[in-house]
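Here the structure is laid out as C-alpha cells; the discussion comes afterwards.
Fair warning: this is a prediction, and the values are worked out from it, not measured in the lab. So that the names make sense, note that chain A is the first sequence line, chain B the second, and so on, each numbered from 1.
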2 protein chains.
Amino acid sequence: MTLSWPGRGTASSSAKTPNAEPERFATASGHGELHFGDNLTALASLGKTHRGRASLVYLDPPFLTGRVHQAIGRAKAPDESGPRLLGAARPRRDAFDDRWEDRGAYLDALGSRIEALKPLLADHGSMVVHVDPKTSHYVKVLCDEIFGEDCFASEIVWRYRRWPSKTPNFQRVHDVLLRYRVSAKAPPRFTTLFEPLAASTLATWGTGKQRAVVEGKRRARSSTTEEPSQGVPLGDVWDVGLIAPVARERTGYPSQKPEALLERLIRALTHEGDLVVDPYMGSGTTLAVAARLGRRFLGIDQSEVALETTRARLAAAGHELFAADASERAAS
Amino acid sequence: MTLSWPGRGTASSSAKTPNAEPERFATASGHGELHFGDNLTALASLGKTHRGRASLVYLDPPFLTGRVHQAIGRAKAPDESGPRLLGAARPRRDAFDDRWEDRGAYLDALGSRIEALKPLLADHGSMVVHVDPKTSHYVKVLCDEIFGEDCFASEIVWRYRRWPSKTPNFQRVHDVLLRYRVSAKAPPRFTTLFEPLAASTLATWGTGKQRAVVEGKRRARSSTTEEPSQGVPLGDVWDVGLIAPVARERTGYPSQKPEALLERLIRALTHEGDLVVDPYMGSGTTLAVAARLGRRFLGIDQSEVALETTRARLAAAGHELFAADASERAAS
DNA sequence: TTGGGTCATGAATCCGGCA
DNA sequence: TTGCCGGATTCATGACCCA
C-alpha cells in the first residue's frame, strides 16, 4: 500500500551546507562524533563506513509547521557574567527552517533520509521517529513502505502537561514516537523498564508481586507473593514533563526534548557501548544522554546554532574534543 | 494526497443481511432507533431521511484483526436463576467477523461507510472513529481524503491499564480515536470538559485561577486570583479504565467499550436532544450512554447477538420498545 | 468603497524546576 | 518554603492588501 502525491520522488536534494570532517569527542564509552552539514549527504557516506553498526537511530525532524524556528539566548551567560536578560531582550537566532512547498515535499525529504538511515542499523537495532499527531499518520505509511509493516513495533505516545489555551477542541497534549525494527526475525535488543504500580493496584495488592493461582484448567484467583514487584512493565504511553522554562537542562534551542524521554529510549533499546545515531541533532539531547549512559553517539545537523549548542553541552558534561582539525574548526 | 492499493474502489458491497423496519425505543429525549442489517445498506436510505440531523457519529469498526470475535455469555442469567457458569463453561456465540482479504479490502469497506455517514451530520457535527495504533494511520489518511485535512480535529489517545505481559516491547496500552468536523468553517458544537489540576500546580498555586501580570511590555509574573479554577481543559490523552471483568456494565460482547469513554465524547460534542449515530453498534454502549444523557440515538448492526444485547441493555435501563412491528420482531 | 483573505500581536493562565 | 518565569498554544483582534 502506497501514498501518492504529485511529483513524488522527483525532488532533487540539494546539499546547501558544507560537509566537513566530523568533530570527535572523548567519552566514557570511547568516542562520539558530530557531523556538520545536510544529513542526507552525510548519511550517503556513512552508509559505507558505518553499515550495520547502530543499535538505535532516533530522529526528531521538523513537524511541518511552516515556520522558521528560533533559538532564544539564555538569560545569563554560562559564566554568570553580564546582565540578566529578560523577555524580548534575550537574543534570537534562526535555528532551523520548517517551511515546505507542501506535504509531498516534506515527505520526500524525510523518506529519503529514512531510507539512507536504515543501512546503518544492526539486525537487532531500531529506529524511532518523533512526530506530532498531524504528521504521524503520513510518516507511518511512509515507514511501513520502507521497513515493511511487520517491522512496526510501537506507537509511543508522549503525554505532557502545558498551559491551557481557549479552544473549542480537546487540547493537544501529546507527541507520537514511531518505532520500527530493522528485522522482524532477528531477536530485538530490548530491556524492559518498569513504572510504579497504579494507585488502585497498590491499594488492593500492596507492593508484592501478584501470581495467578491455577486450579484445574482455569485461573481461580490471584494472590500476592513476598517478592516485591518491580512495578508495571513500561507501556507505550509515557507521562514525561516538558522542560520547565527555568530548568538547568534548557538550552534555548527550539524543539528541545526532555532528557528523561531519551533516557527511556536509550535504556530500553541499547546496551552500554552501543552506537546511537541522531541525524536531526538539534540541541544534542540524544547525544548528551547517550554519553551519560555510556553509549557511543553520532549526531548530524546543518544548523550552526545546533552545533554550537551541542558542543557546549558536551563540553559542560566533561567530554573533550580530541581531533586536531575539529578543534581548529570549533575555535574559529 | 492519496493512498493507493491494488483494486482500490472496485470492491462490490454485498448486503448479506435483511434490512427490516427499525425498532423504536421511547426515551427521555423522545426516541431512539435500532436498525438490523448491513450498515452500508441502512446508511444509503438514512442518507435520504436523516440528512444533516446528527451531531455526533461514533464508529467502532473492527480493527483488522483477522479473526472472528465471540460473545461470551454471562456467568449468571439476569434473573439470577440457574448455576453460576465459570471459565470454559460459559457459552460462546460468534458476534462479528473481522477477516478481510487484505488491508485494501478493509479500507474500501470502511471508507464507503464513512462516505455514507458524512451526509448525516449537521454542519456543527463531528465524526469519531475508534481504531487501534496499527490501523489508525491508514484510516487517518483515508478520512483526510473524505473530510479534508482542515477538518481533522483531534487524535484522542485512550490510555488504559491492563494485566502486564512479557514481551520484548513497550506494552500496548492505548487505542486511538480520530475526530473530524464536517465543516472547517461552521462553529463546532463543543462543550469544554475539565480535569483536575496537576498535583504540582495544586501544591504551588492552590485552587485559584492564575493570571499573568504584565508590567510595561513583558510578562512580569503570575499570581493567583480569588476565582476558583475549574481545572485543566480536558486534553487529548484520556486515562479511562477498561471494563473490569466483573463490572456490572460488562455484557460479554467482545470489543465492548467503557461507558465513561463515550460519556466524555457525548458530553463534549452534543447537546441534550441531539442525535447520536453509531453504525457499528455492538453491545450498544453508545446508545445506552446517549439515552442516559438525554440524547436521541440511532444504532445499526448486522449481528443478531448485537441486537439482542442492545435490546436487553436498553430495556434494563427502562427504555421500552414501542413500534408494533418491531415488538413482533423482537418477540419472535 | 467594500468585502474577503493573510499576517502580526496580545491575551488567557497551567506547569514545574530553581533560587 | 514561597515566589518566579516563560513555553513546538491557540484564538480574537486589528492592520494591511488586493480585486
Phosphate-side-chain proximity, [X] and [N], N/O vs OP1/OP2 below 4.0 Å:
X        : N      : value
B:Arg211 : C:dT13 : yes
B:Lys209 : C:dT13 : yes
A:Arg162 : D:dA8  : no
A:Ser165 : D:dT10 : no

Handout entry: Residue matched to C:dT13 through Watson-Crick or wobble contacts both under 3.5 angstrom
Key =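 Across any shown strand, C:dT13 pairs with none.
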For this session: Tell which nucleotide pairs with D:dA8, taking only Watson-Crick or G-U wobble pairs whose two distances are both under 3.5 angstrom.
Result: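 By the stated definition (distances under 3.5 Å), nothing pairs with D:dA8.
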Between [options], spot the one nearest the side chain of [X], thanks.
X        : options                : answer
A:Asp98  : C:dA19, D:dT9, D:dA8   : D:dA8
A:Ala244 : C:dG17, D:dC11, C:dC14 : C:dG17
B:Thr204 : D:dG3, C:dA19, C:dC14  : D:dG3
A:Pro245 : D:dA8, C:dC15, D:dG6   : D:dG6
B:Ala198 : C:dG17, C:dC15, D:dT9  : C:dC15
A:Pro168 : D:dC11, D:dG7, C:dT13  : D:dC11
A:Asp60  : C:dC18, D:dT10, D:dA8  : D:dA8

How long is the line joining [atom1] of [X] and [atom2] of [N], in whole Å?
X        : N      : atom1 : atom2 : answer
A:His69  : D:dA8  : NE2   : P     : 10 Å
A:Gln171 : C:dC15 : CD    : C1'   : 13 Å
B:Gln210 : D:dG3  : CD    : P     : 13 Å
B:Glu195 : C:dC14 : CD    : P     : 13 Å
A:Phe170 : D:dT10 : CZ    : C1'   : 16 Å
A:Arg92  : D:dA8  : CZ    : P     : 11 Å
A:Tyr160 : C:dG17 : OH    : C1'   : 19 Å
B:Asp236 : D:dT10 : CG    : C1'   : 14 Å

Would [X] and [Y] count as having a side-chain donor-acceptor pair, cut-off 3.5 Å?
X        : Y        : value
A:Arg179 : B:Asn169 : yes
A:Asp236 : A:Ser154 : no
A:Trp100 : A:Asp102 : no

- Query: Does CD in A:Glu320 sit with more than 12 non-hydrogen atoms of other residues, nucleotides or ligands closer than 6.0 Å?
  - Reply: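 No, CD of A:Glu320 has 12 or fewer neighbouring heavy atoms, counting only those of other groups under 6.0 Å.
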Using a cut-off of 4.0 Å on non-hydrogen atoms, how would the nucleic acid contact of [X] be classed: base, sugar-phosphate, or nothing?
X        : value
A:Phe96  : base
B:Pro187 : nothing
A:Lys257 : base
B:Leu197 : sugar-phosphate

### Message
I want to confirm an ordering. Mapping A:Leu242 and B:Lys185 to their closest nucleotides on DNA chain C, which one lands closer to the 5' end?
### Response
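Upstream on the strand: B:Lys185.
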Any stacking of A:Trp163 on D:dG7, going by centres under 5.5 angstrom and planes within less than 30 degrees?
->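 Stack criterion not met.
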(request) Using a strict cut-off of less than 4.0 Å between a Lys/Arg side-chain nitrogen and an Asp/Glu carboxylate oxygen, indicate whether A:Lys140 and A:Glu155 qualify as a salt bridge. (result)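 Here A:Lys140 does not pair with A:Glu155 in a salt bridge, since their nearest N and O are not under 4.0 Å apart.
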Checklist entry - Relative to the 5' end of DNA chain D, which residue comes earlier, A:Pro61 or A:Thr167, by the nucleotide with the nearest heavy atom? => result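 Its nearest nucleotide lies further toward 5', so the answer is A:Pro61.
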**Prompt:** Hey, which of A:Asp175, A:Val173, A:Asp239, A:Val237 is the one that makes side-chain contact (heavy atoms from CB on, under 4.5 Å) with A:Val157?
**Reply:**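 Per the side-chain contact (heavy atoms from CB on, under 4.5 Å) rule, the option paired with A:Val157 is A:Val237, out of A:Asp175, A:Val173, A:Asp239, A:Val237.
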(message) Angle between ring planes, A:His130 versus A:Phe63, binned at 30° and 60°: parallel, tilted or perpendicular?
(response)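 Taking A:Phe63 first and then A:His130, their aromatic rings lie parallel (interplane angle under 30°).
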